[in-house]
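Here is the structure we will look at.
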Amino acid sequence: MVTQIIRRFFLTAVFFAVCFAADDGYAVEYRWGAEIFEGLFREDNFTDTSTATVDYDETYNIVGVYPDLYLGFSDHFKAFALAEVEWFYSWDTDNTADESDVDATLADIFVNFSAAGASFDAGLQPFDIGGGMVFYGDEPGISIQYDESRRFYLKGNGFRVFDHSSMATFVMGYRPGFLESVELIGAWYRDADDAIAELYQPFYGDTVVTGKGRLFYGGLQAAFFIGDFYVSGLAMQQFGTVELDDGAERLDFSVSAYLMDLEVSYNISGQLTMSGFFFAASGDNHPTSGNLHGFMSPKPFNPTTSIFFNGGFERYDVEEAVVLGGVTWDGVAAPGIRFEYQPNNRVSAELVTAALFPEDGLFDTGAWYGGETDIRVSYEFYQNRQLFFEAGYLYQGDYFEKTYGYQPDNATRLAGGLSFVF
């Protein structure tokens with residue numbers, strides 16, 4: 001229903017824009033484009049959400065076609081649309097039936113009006129908060145930005161999340177120089193889909209729990225040079241309230257949690273860059289009593305590592321759920337190092353290795369999650385034609401054995417494929 005409303009709004013706006021352009025003597029500018037993606041993935045010992053065990057194996061293939069259309073009606077009015085057609089095929093390692101699914105959807109469809117340093121977007125469009133650490137996705141909403149001075153800028157967003165929930169954000173930023181920025185971020189999330197309650201469902205077993213919540217986020221995101229070092233980081237504080245109801249009892253929580261992501265990079269040469277990073281998100285050893293200290297956010301995207309993060313030990317997709325920033329209720333502290341090597345314009349490689357600890361157990365290898373190493377190599381054999389290969393290995397530490405009484409096997413992830421952009 002919402003998609004139909006957005007589509008009608010988009011087509012109506014385009015109609016009036018065409019009339020406006022015709023009256024003012026503008027020729028409509030348009031550009032078609034498309035991306036074709038083919039990827040084969042193999043994952044071993046990921047989390048099985050149905051059993052809460054770390055023993056899920058899967059081999060799957062994704063073929064995607066993503067056509068897009070840009071329309072420019074005048075110097076001030078533009079429109080954009082992006083569609084997704086994906087074929088997903090999975091080979092089940094447990095000898096059950098293979099799974100095949102074709103999904104076609106309208107990912108983005110929005111209009112843009114800009115004048116005098118201000119910009120307004122309305123429709124189904126991409127949003128991200130905190131570089132995706134708090135939220136990352138395409139949703140129906142509006143976005144306003146004022147950027148006349150090219151140094152100071154303001155941004156405001158309001159959009160729907162899931163079916164009935166909503167978010168609003170405000171950003172005040174300053175650009176001191178090239179590739180440098182400082183942003184003050186504020187965000188508000190209203191849960192009206194029992195999304196936070198779903199996060200708590202494992203504590204209640206077969207008893208259905210419902211709930212609601214209001215979460216507020218405030219923080220600082222910055223990127224700047226200190227001599228030859230490039231420093232980037234995000235620090236977010238979360239507070240608010242959560243209410244849960246299992247039919248027999250209602251629980252009320254006050255929320256106080258944090259998330260931080262810091263990285264320092266240095267160019268060893270023109271081809272090689274080395275970075276040290278530290279990611280942390282607060283956890284809560286007793287999430288069903290007292291105040292709540294586990295950092296939570298709807299649909300985040302965390303690229304720190306490819307197996308442990310991204311919604312837990314899940315696939316690379318953004319999960320349609322409220323997710324713990326620390327992956328487990330015990331939170332996470334993850335120091336690591338990254339090397340990026342680009343010998344020429346066609347080849348690039350990245351190596352990431354990180355140690356993964358519960359938030360309150362930094363450098364305690366007696367109860368750590370483990371260590372992960374990921375590698376990614378890409379080769380652009382023609383302009384906008386790319387081959388890629390990825391491999392990840394997660395060494396399981398003693399956390400699961402000490403906490404749950406079993407030691408899972410080490411997790412691995414292999415991926416390879418190609419993408420064409422036209």
Side-chain angles (χ1 to χ4, degrees), residues 1-35 64-85 104-132 134-161 166-175 179 181 183-188 221 298-299 301 318 384 421-422:
M1 180 65 181
V2 173
T3 303
Q4 293 177 350
I5 294 173
I6 294 172
R7 185 182 294 112
R8 290 171 185 171
F9 169 78
F10 178 83
L11 294 175
T12 303
V14 169
F15 171 77
F16 283 109
V18 170
C19 296
F20 171 79
D23 290 342
D24 284 22
Y26 287 102
V28 177
E29 176 188 359
Y30 69 92
R31 290 196 300 268
W32 291 95
E35 178 182 358
V65 180
Y66 312 97
D68 63 79
L69 171 64
Y70 164 84
L71 298 174
F73 303 103
S74 69
D75 293 337
H76 305 293
F77 200 95
K78 305 172 182 65
F80 182 80
L82 171 67
E84 294 181 351
V85 181
T105 184
L106 197 59
D108 293 324
I109 180 167
F110 63 93
V111 293
N112 167 267
F113 178 80
S114 58
S119 178
F120 175 81
D121 296 289
L124 183 60
Q125 58 185 299
F127 294 98
D128 78 84
I129 304 172
V134 176
F135 179 86
Y136 183 89
D138 300 274
E139 304 292 347
I142 60 172
S143 175
I144 303 173
Q145 179 170 338
Y146 182 74
D147 193 16
E148 186 176 19
S149 69
R150 304 301 178 187
R151 283 191 177 270
F152 291 97
Y153 56 93
L154 301 172
K155 297 179 183 178
N157 302 318
F159 52 95
R160 188 204 68 184
V161 186
S166 54
M167 292 197 77
T169 68
F170 177 77
V171 175
M172 180 170 59
Y174 172 68
R175 300 187 187 95
L179 297 179
S181 63
E183 293 184 344
L184 292 174
I185 304 172
W188 170 78
Q221 186 171 19
K299 296 180 62 175
F301 173 72
V318 175
N384 296 324
V421 179
F422 300 94

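Being a predicted model, the structure only gives us computed values, none of them experimental. Quick note: numbers below take in every heavy atom, side chains included, and nothing from hydrogens, waters or symmetry partners.
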Any side-chain donor paired with an acceptor under 3.5 Å for Asp147 and Ser119?
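No, Ser119 and Asp147 have no side-chain donor paired with an acceptor closer than 3.5 Å.
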So how far is it from [X] [atom1] to [Y] [atom2], rounded to the nearest 0.5 Å?
{"X": "Ile185", "Y": "Thr169", "atom1": "CD1", "atom2": "OG1", "result": "9.0 Å"}
{"X": "Ile144", "Y": "Tyr146", "atom1": "CD1", "atom2": "OH", "result": "13.5 Å"}
{"X": "Tyr70", "Y": "Asn112", "atom1": "OH", "atom2": "CG", "result": "8.5 Å"}
{"X": "Leu124", "Y": "Asp108", "atom1": "CG", "atom2": "CG", "result": "5.5 Å"}

Evaluate Phe113 against Phe120 for ring pair (Phe, Tyr, Trp, His ring centres under 6.0 Å), listing each step before the verdict.
CA-CA 5 Å; Phe113 178 80; Phe120 175 81; 8.2 Å; no
Less than 4.5 Å apart, side chain to side chain, heavy atoms only: is that true for [X] and [Y]?
{"X": "Glu35", "Y": "Phe422", "value": "no"}
{"X": "Arg175", "Y": "Tyr153", "value": "yes"}
{"X": "Phe110", "Y": "Pro140", "value": "no"}
{"X": "Leu69", "Y": "Phe80", "value": "no"}

In this structure, is the centre-to-centre distance between the rings of Phe127 and Phe159 below 6.0 Å?
yes
Polar side-chain atom of Thr105 near backbone of Ala107 as donor-acceptor pair, under 3.5 Å
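Judged by distance alone, no pair lies under 3.5 Å.
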Is it true that a side-chain atom of Gln125 and a backbone atom of Gly141 form a donor plus acceptor pair closer than 3.5 Å?
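A pair under 3.5 Å: yes.
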Other residues, nucleotides and ligands only: do more than 12 of their heavy atoms fall within 6.0 Å of OH on Tyr136?
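No, not enclosed.
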Within a reach of under 6.0 Å around OH of Tyr30, are more than 12 heavy atoms found that belong to other residues, nucleotides or ligands?
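No.
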Can you name the one residue among Val134, Val171, Asn157 that meets side-chain contact (heavy atoms from CB on, under 4.5 Å) with Ile129?
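Between Ile129 and the candidates, side-chain contact (heavy atoms from CB on, under 4.5 Å) is satisfied uniquely by Val134.
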Any ion pair linking Asp121 and Lys78 (charged N to carboxylate O, less than 4.0 Å)?
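The answer is no: the pair does not qualify as a salt bridge.
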